[in-house]
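Below, all heavy atoms of this structure are taken into account, side chains as well, without hydrogens, waters or symmetry copies. Just so we're on the same page: letters track the sequence lines, and every chain starts at 1.
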Protein chains: 2
Amino acid sequence: MARPIGYDPKEVLVNAMNLFWEKGYESTSIQDIVAVTGLKPGSLYNLYGNKEGLFEAVLDTYSTMNLEQVEEVLNGSDDPFKNIESFLQEVVVTTISNKKTNGCLLVKTLLVVPHKDKKIQEHITVIFAQVEALLAKTIQKAVDLGQTTVDAKQFAKFIITTIYGSHVYYKSDDDVGILRQNVQFLLDTLQKKEHSNTAIALT
Amino acid sequence: MARPIGYDPKEVLVNAMNLFWEKGYESTSIQDIVAVTGLKPGSLYNLYGNKEGLFEAVLDTYSTMNLEQVEEVLNGSDDPFKNIESFLQEVVVTTISNKKTNGCLLVKTLLVVPHKDKKIQEHITVIFAQVEALLAKTIQKAVDLGQTTVDAKQFAKFIITTIYGSHVYYKSDDDVGILRQNVQFLLDTLQKKEHSNTAIALT
DNA sequence: CATATTCTTGAATTATGATTCAAAAAAGAG
DNA sequence: CTCTTTTTTGAATCATAATTCAAGAATATG
């Protein structure tokens, strides 16, 4: 009855996402989006209303992908401490492989999106809170098993803070050592161990 | 012999700085700068060449101000551990009072400035390294006095990472508690103490 | 195969913002 | 008071980018 869409909406969003991620919201033009997605301006505006709408859809794509990955790692085994360890190592690996695109899209966006843009800010805040909640739940499991004695909620916040910070730090100094070191400090603190001075191995 | 300049160059830079800080580089137009500085476009271009040149001058102003402050606190007393403590508390206070302007201008800029802009990126990297070096020196003093046993350089990096991260975290969740908590974790780790669960008092 | 419906196209429009430049203004030297 | 030098002005220009829209294309249904 009607002309069907001639593209994969998922693919469009992933392509747009990668571009926004690399160049940032302000520096990415609709022309750029047209170039990477193949869709013409009219189609894009038809689909998403405007640039901001497209960006919100991109944020959804990004955060869904991330949340799924985090959830998978944090529930990877029966051993919560191991899962936290895997999560932290995963973060290191991801940060390194994201180098070109400058760390986390959400962090970047949060710091930059103008104040007016409450909608986007709140969107991101909600996603952050979800990741933190997942992490806190896993830490609590570790506490229940006697693997650590930290305050789960507090320590989840501390971990998240360190991850944010690592993204920034790595951007200014791309020495992989810092990433591993920070993870090691976190694990040591979690276990109240002496800091070992040896970086953890990467998988 | 010639017409003298009719403004205070320092004041111009501080005004421009505050605007860039609040709105970000891309979202600040020359028109905006004209509005807050009182200088007309022609004068601005005369002085700084272009928008990027102006921004570099702003970065200089910002980092000079910051470095001076950091140096002052870290050399505030004969007790290096106390000085580190004061520094961390100072950071908390500053982060809170900066709320409106979204954390550190340098962090924000680093994450956002397009790749091409190597000059600005390197500029910021150098400043970061200076702060870190100051911090490492103070920690080393503490080590020499037997106040702590951490690796000074490593721990300086960890502190810096946490500060970056706090800026981001606080942006998404303006609960002051997180800032104090993170500082407490750092101090506990520095002393290898049990984490106390009580936030440090603000001055 | 005609038609209704929805999707696509991309040039045209509108908006915004960086930059230039020729003319005007200010000050001191002679 | 005139002239030289430097600064200031701000409208005009140039550049870029967001958004619109009328015409064309594709499909399924009757």
Looking just at side-chain N and O atoms, do D188(B) and Q184(B) make a donor-acceptor pair shorter than 3.5 Å?
yes
Within the 3.5 Å criterion, strictly below it, is a donor on E90(B) or Q69(B) matched to an acceptor on the partner's side chain?
yes
Whole angstrom value for the distance that separates P of dT19(D) from CG of D32(A):
14 Å
For nucleotides 18-22 of chain C, which of its nitrogen or oxygen atoms have a protein nitrogen or oxygen under 3.5 Å away, and what is each distance?
from	atom 1	to	atom 2	distance (Å)
dA18(C)	OP1	K51(B)	NZ	2.9
dA18(C)	OP2	I30(B)	N	2.5
dT19(C)	OP2	Y45(B)	OH	2.5
dT19(C)	OP2	K51(B)	N	3.1
dT19(C)	O5'	Y45(B)	OH	3.2

Think K40(A) has a side-chain N or O under 4.0 angstrom from the OP1 or OP2 of dG10(C)?
yes
Rounded to the nearest 0.5 Å, how far does CG of L47(A) lie from CG of L54(A)?
9.0 Å
Please determine, by modelled atom types, if N182(B) and T161(A) share a side-chain donor-acceptor pair under 3.5 angstrom.
yes
Do S77(A) and N83(A) have side-chain N/O donor and acceptor atoms under 3.5 Å apart?
yes
How many whole angstroms separate atom CD1 of I5(B) from atom P of dT8(D)?
7 Å
Y7(A) OH to dC7(C) P: how many Å, rounded?
7 Å
One character per nucleotide, please: for nucleotides 22-30 of chain D, 5' to 3', B when the base has a protein heavy atom closer than 4.0 Å, S when only the sugar-phosphate does, - otherwise.
--BBBBB--
Rounded to whole angstroms, how far apart are CG on L39(B) and P on dA25(C)?
18 Å
Just by distance, with hydrogens left out, do D144(B) and Q140(B) show a side-chain donor and acceptor under 3.5 Å apart?
yes
Is there any ring pair (Phe, Tyr, Trp, His ring centres under 6.0 Å) pair reaching into residues 41-65 of chain A, and which pairs are they, with sequence neighbours excluded?
F20(A)-F55(A), W21(A)-Y62(A), Y25(A)-F55(A)
Quick check: do L44(B) and K40(B) have side-chain heavy atoms less than 4.5 Å from each other?
no
Given atom OH of Y48(A) and atom P of dA18(D), what is their separation to the nearest angstrom?
17 Å
